[in-house]
Amino acid sequence: MNKNKAILSVLSALALMSVGFTAQAAKGDQGVDWARYQGISGKWGYAHDKFAICQIGGTVDGWHTYDQDTYKTQVAATIAMGRRAHTYVWWQNVTMRQQADKVLDYFLPRVQTPKQSIVALDVESGQQNTAVVDYALTRIKQAGYTPVLYGYKGYLQSHVDLASLAKKYPLWLAAYPDYNVTTKPNYSFFPSYGNVGIYQFTSTYAAGGLDGDVDLTGITDNGYRNGDASKPVSKPQAVKQGIVADNTPKKDISTGYTVKVNFSARCWASGQCIPSWVKGRMYPVVQTSGDRVLLGGIMSWIKRSDVEILQTAKQATQTSGTYTVKPGDSWWSIANRYGMSMYVLASRNGKTIYSMLHPGDKLTISGQTIAATRTYTVRRGDTLSGISARLGVSVGRLTQTNHISNPNLIFVGQRLSY
């Protein structure tokens, strides 16, 4: 840690504790923040990521609210992976208390992360009012959450009295010099200010775009006993779903089946009705238990008889040797590629699954490479990017595998291999 980083971290920690928040063991942890663009189960940068801050929704005019339909599933997926989940609200053109009350009256009862967890206001666009932002953050604190103010330093300084707000609430500031893939914070570009709890150091944490954040004070531990994602101080429904998924005995599913929910399916394994928008769509199998499968993204259990396996062919070849880590790789993705357990892979290389991976690292691998052929039939309204997000594969892979010269030209009924 360089001198400037050390000083900034100490000042931030002292300021944070002075307003009633306790810095804990997560200081220095990296994580991500998501909106709907990261999909129903979110997108991680690296295996060492420890937290996600998920957008619940927000307002653009101060009077009308919108929901992010990915919020609950992203929270559940985060908890299921043993990581800490937090919340943020898009906050634009809220200049009166009546507007603040209208927005918070809607969202606060719908927060799906634990009490004491972060509920941040995303203040980066439109008109703002210092007194109203202060009032809203106070309401968040009174509701039992950790209020945080997010934004870009320049914008915040020109639209609110940032100095007065920073004396009362932790800041989550964003600043980055370029849009190159950046895996670690560049503290020479740090937006120096008092009471900075989280630094968003890039919007290209991984190829394709992803916000990367670092916890400077331990604030992302808030809401979780000793920072343990499996021990939230309260359990909203999404957290419960994530904990159940995390604690369910896991069976090796390294072949990575993709399944489609049958249109005739009626109820989840829990007995609740399956929403119509789930039926006919495809999801990866995350876990299996008896006659049930856990579907990735929506993090819900369903009877095996209610899903159709779409993997139509597979061929395994024995492999051994070394693998060079690429940007975006994780212990799970590498192990899955070679038909190995990620625990075995890490152990074979003298590490654990919590050890950091860096592009260029050499790993000893052995196991079976699974070459699977899966197909998807194009439906009306589909786009290649939409299919890519749904299937969890890149547009580049779809175009290459199916010899598509124009990614904007696909046809209803066309069968795509992936």
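Bear in mind that the values here come from a model prediction, so they are computed numbers and not experimental data.
Annotation: cation-pi pair Arg97/Tyr135 present, NZ/CZ under 6.0 Å from the ring centroid and within 45° of its normal.
Ring geometry for Tyr199 against Tyr187 counts as tilted: the plane angle lies between 30° and 60°, on a 0 to 90° scale. Aromatic ring orientation, His159 versus Tyr155: parallel (interplanar angle below 30°, classes split at 30° and 60°).
Side chain to side chain, Thr87 and Tyr71 meet the donor-acceptor criterion of an N or O pair below 3.5 Å. Looking at Asn222 and Ser117, their side chains never bring a donor and an acceptor atom within 3.5 Å of each other. In the model, Tyr169 has a side-chain atom that pairs as donor or acceptor with a side-chain atom of Asp134 under 3.5 Å. Side-chain atoms of Asp33 and Trp172 include no donor-acceptor pair closer than 3.5 Å. No donor-acceptor contact under 3.5 angstrom links the side chains of Gln116 and Tyr224, judged on distance only. Between the side chains of Gln92 and Asp61, no donor-acceptor pair of N or O atoms lies under 3.5 Å.
Of the residues Thr78, Thr220, Asp215, the one that meets the side-chain hydrogen bond (donor to acceptor under 3.5 Å, both in side chains) test with Arg84 is Thr220.
Side-chain atoms of Asn349 never come within 3.5 Å of backbone atoms of Lys351 as a donor-acceptor pair (strictly under, hydrogens ignored).
Here the shortest heavy-atom pairing between Gly194 and Leu171 reads O-CD1, 3.6 Å.
Side-chain contact between His86 and Thr146 is absent, with no heavy-atom pair separated by less than 4.5 Å.
In this structure, His358 places its NE2 atom where more than 12 heavy-atom neighbours from other residues, nucleotides or ligands lie under 6.0 Å away.
For Tyr205 and Tyr46, the ring centers are positioned less than 6.0 Å apart.
Residue Lys50 holds its NZ atom at 8.0 Å from CZ of Arg83, rounded to the nearest 0.5 Å.
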